[in-house]
Novice: 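I'd like to ask some things about the structure below.
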Number of protein chains: 2
Amino acid sequence: MDQKNICPRFEKALMILNHRWNTLLIYQLLDGPQRYSTIKNQLNISSRVLTERLKELETEQIVLRTVIPSTPVFIEYELTEKGYAIAPVLKAIEQWSSEWVTIDIE
Amino acid sequence: MDQKNICPRFEKALMILNHRWNTLLIYQLLDGPQRYSTIKNQLNISSRVLTERLKELETEQIVLRTVIPSTPVFIEYELTEKGYAIAPVLKAIEQWSSEWVTIDIE
DNA sequence: AAACTAAGTTACGAATTGTAAGCAAAAAAA
DNA sequence: TTTTTTTGCTTACAATTCGTAACTTAGTTT
């Protein structure tokens, strides 16, 4: 009858990281600061969703959006310290996938 | 112009792990074998989705479903070796969340 | 016999995604 | 100097996925 007693921080972490595209986005940004169009071209994501996710990660303080006032002006997205701190999670997934995940090609 | 060159195994791992409920389900099963109703009561998941996800994790060989022929018969779900190997990922998320994730209570 | 539990399934409305097109500002090409 | 392209988005809408609730079948306790 009793519900979960899972740590709310952990739950929130899962909410963020499991939201579609988010981990892949963070993974992509581990390579360093990138512009919107670069990210969009690298991943196979639509602009609608990309914008949405970047905003979400921005409000979660995982990603920082900066307007670079050069000519021409451009927008740069980069991980914050909090964002870079997710790297071990990605490493663990990489490790697991290389050891256990098989891709079924015919 | 060029697309991603991300390792397909890693991508598949993300597909599985980022699918809603999956990591929480695996986390729950780290406590050991459990029956359907136990899982359902612990997490706040609907039976429709729970069944769906358990089937998915079963086909991915992360979860094993066993019919225990007792009286009454009951069904047990448990992690496979591949499933238990995901533990470090969960640990990394726990670590990150405890260090960086804040919950905003008013 | 009546009510309950386990392990699902089904139907359906609500929320989330993907697709495609559009847009303003600036820059590069013709 | 017009035309086209690029950037960083937004909007409209269709397709997919999710959650809710009710139902099922078989065994079970009252």
Side-chain angles (χ1 to χ4, degrees), chain A residues 1-4 6 11-12 14-26 28-29 31-60 62-79, chain B residues 1-4 6 11-12 14-26 28-29 31-60 62-79:
Chain A
M1 274 18 170
D2 60 313
Q3 292 282 68
K4 59 204 167 177
I6 299 166
E11 270 206 289
K12 189 177 175 189
L14 288 186
M15 295 271 275
I16 300 167
L17 297 179
N18 286 347
H19 202 184
R20 202 184 290 204
W21 291 108
N22 278 351
T23 30
L24 206 56
L25 248 166
I26 292 161
Q28 174 67 30
L29 285 172
D31 287 348
Q34 280 160 69
R35 329 179 42 166
Y36 185 91
S37 55
T38 309
I39 301 168
K40 188 172 169 355
N41 290 335
Q42 288 291 104
L43 315 182
N44 206 278
I45 190 174
S46 70
S47 43
R48 200 188 64 73
V49 178
L50 178 55
T51 306
E52 203 173 279
R53 286 311 118 85
L54 285 171
K55 269 180 194 152
E56 181 189 347
L57 293 175
E58 217 191 322
T59 60
E60 292 302 340
I62 288 167
V63 161
L64 183 68
R65 178 185 186 274
T66 316
V67 180
I68 308 280
S70 63
T71 341
V73 170
F74 68 90
I75 317 287
E76 196 174 70
Y77 291 94
E78 66 185 309
L79 293 177
Chain B
M1 274 15 170
D2 59 314
Q3 290 283 70
K4 59 207 169 179
I6 298 167
E11 269 205 290
K12 189 177 175 188
L14 288 186
M15 295 272 275
I16 300 167
L17 297 178
N18 285 347
H19 202 185
R20 204 185 296 207
W21 291 110
N22 279 351
T23 29
L24 207 55
L25 248 165
I26 292 162
Q28 175 68 29
L29 286 171
D31 288 348
Q34 281 162 67
R35 329 179 39 166
Y36 185 92
S37 55
T38 309
I39 301 168
K40 188 170 170 353
N41 290 335
Q42 287 291 104
L43 314 182
N44 205 277
I45 190 174
S46 72
S47 41
R48 200 189 66 72
V49 178
L50 178 54
T51 306
E52 203 173 280
R53 286 310 120 85
L54 285 171
K55 268 180 196 152
E56 181 189 347
L57 293 175
E58 218 192 320
T59 61
E60 292 301 340
I62 288 167
V63 160
L64 183 70
R65 179 185 186 271
T66 316
V67 180
I68 309 280
S70 64
T71 342
V73 170
F74 69 91
I75 318 288
E76 197 174 72
Y77 290 94
E78 66 185 311
L79 292 176

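Every chain is numbered from 1 and lettered A, B, ... according to where its sequence line falls, protein lines coming before strand lines. Fair warning: this is a prediction, and the values are worked out from it, not measured in the lab.
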Novice: Using OP1 and OP2 only, check whether a side-chain N or O of B:Lys55 sits under 4.0 Å from C:dA7.
Specialist: no
Novice: Please examine the side chains of B:Leu29 and B:Gln34, heavy atoms only from C-beta on, and report whether any two atoms are closer than 4.5 Å.
Specialist: yes
Novice: A:Met15 CE to D:dC18 C1': how many Å, rounded?
Specialist: 14 Å
Novice: Between A:Trp21 and C:dT17, is there a side-chain N or O to OP1/OP2 distance below 4.0 Å?
Specialist: no
Novice: May I have the distance from B:Lys40 (atom NZ) to D:dG19 (atom P), rounded to whole angstrom?
Specialist: 11 Å
Novice: A:Leu43 CG to C:dG18 C1': how many Å, rounded?
Specialist: 15 Å
Novice: Below 4.5 Å, heavy atoms only, C-beta onward: do A:Ser47 and A:Tyr36 meet side chain to side chain?
Specialist: yes
Novice: Counting C-beta onward and ignoring hydrogens, is there a side-chain heavy-atom pair between A:His19 and A:Met15 closer than 4.5 Å?
Specialist: no
Novice: Distance check: side-chain N/O of A:Arg20 vs OP1/OP2 of D:dT17, anything under 4.0 Å?
Specialist: no
Novice: Under 4.0 Å between a side-chain N or O of A:Tyr77 and OP1 or OP2 of D:dC9?
Specialist: yes
Novice: May I ask you to say what A:Thr51 touches in the nucleic acid, namely base, sugar-phosphate or nothing, with a heavy-atom cut-off under 4.0 Å?
Specialist: base
Novice: Would you say C:dT16 has OP1 or OP2 under 4.0 Å from some side-chain N or O of A:His19?
Specialist: no
Novice: Rounded to the nearest 0.5 Å, how far apart are CD1 of A:Ile62 and CD of A:Glu78?
Specialist: 14.0 Å
Novice: Roughly, in whole Å, what's the span from CG in B:Asn44 to C1' in D:dT20?
Specialist: 12 Å
Novice: For nucleotides 11-14 of chain D, list the nitrogen or oxygen atoms of the protein found under 3.5 Å from its nitrogen or oxygen atoms, one pair per line.
Specialist:
none

Novice: Could you tell me the separation between the CD atom of A:Glu52 and the P atom of D:dT10, rounded to a whole number of Å?
Specialist: 10 Å
Novice: For the pair made of CG in B:Leu50 and P in D:dA21, what is the distance, rounded to whole Å?
Specialist: 17 Å
Novice: With the side chain counted from C-beta on, respond yes when A:Glu58 and A:Leu54 share a heavy-atom pair under 4.5 Å apart, and no when they do not.
Specialist: no
Novice: If we check side chain to side chain contact (heavy atoms under 4.5 Å, CB included) with B:Leu25, which of these qualifies: B:Val63, B:Val49, B:Ile39, B:Leu79?
Specialist: B:Ile39
Novice: Got a sec? Which of residues 68-76 of chain B come in under 4.0 Å of DNA chain D, heavy atoms?
Specialist: B:Pro72
Novice: Any chance you could measure A:Ile6, atom CD1, to B:Asn44, atom CG, to the nearest 0.5 Å?
Specialist: 10.0 Å
Novice: Send over the distance from B:Tyr36 OH to D:dT24 P, rounded to a whole Å.
Specialist: 17 Å
Novice: To the nearest 0.5 Å, what is the distance between CD1 on A:Ile26 and CZ on A:Arg53?
Specialist: 11.5 Å
Novice: Please report the interatomic distance CD1(A:Ile16) to OG1(A:Thr23), rounded to the nearest 0.5 Å.
Specialist: 11.5 Å
Novice: For the atom pair CH2 (B:Trp21) and CD (B:Gln28), what is the distance rounded to the nearest 0.5 Å?
Specialist: 11.0 Å
Novice: How many whole angstroms separate atom CD1 of A:Ile45 from atom P of D:dT10?
Specialist: 14 Å
Novice: Got A:Arg65 and A:Ile75 here, is their nearest side-chain heavy-atom distance under 4.5 Å?
Specialist: yes
Novice: Through what angle, rounded to 10 degrees, does the axis of the helix from C:dA1-D:dT30 to C:dA30-D:dT1 turn between its ends, using five pairs per end?
Specialist: 0°
Novice: If you measure from CZ on B:Phe74 to OG1 on B:Thr38, what distance do you get to the nearest 0.5 Å?
Specialist: 9.0 Å
Novice: Using only side-chain N and O atoms of B:Arg53, determine if any of them is under 4.0 Å from OP1 or OP2 of C:dG8.
Specialist: no
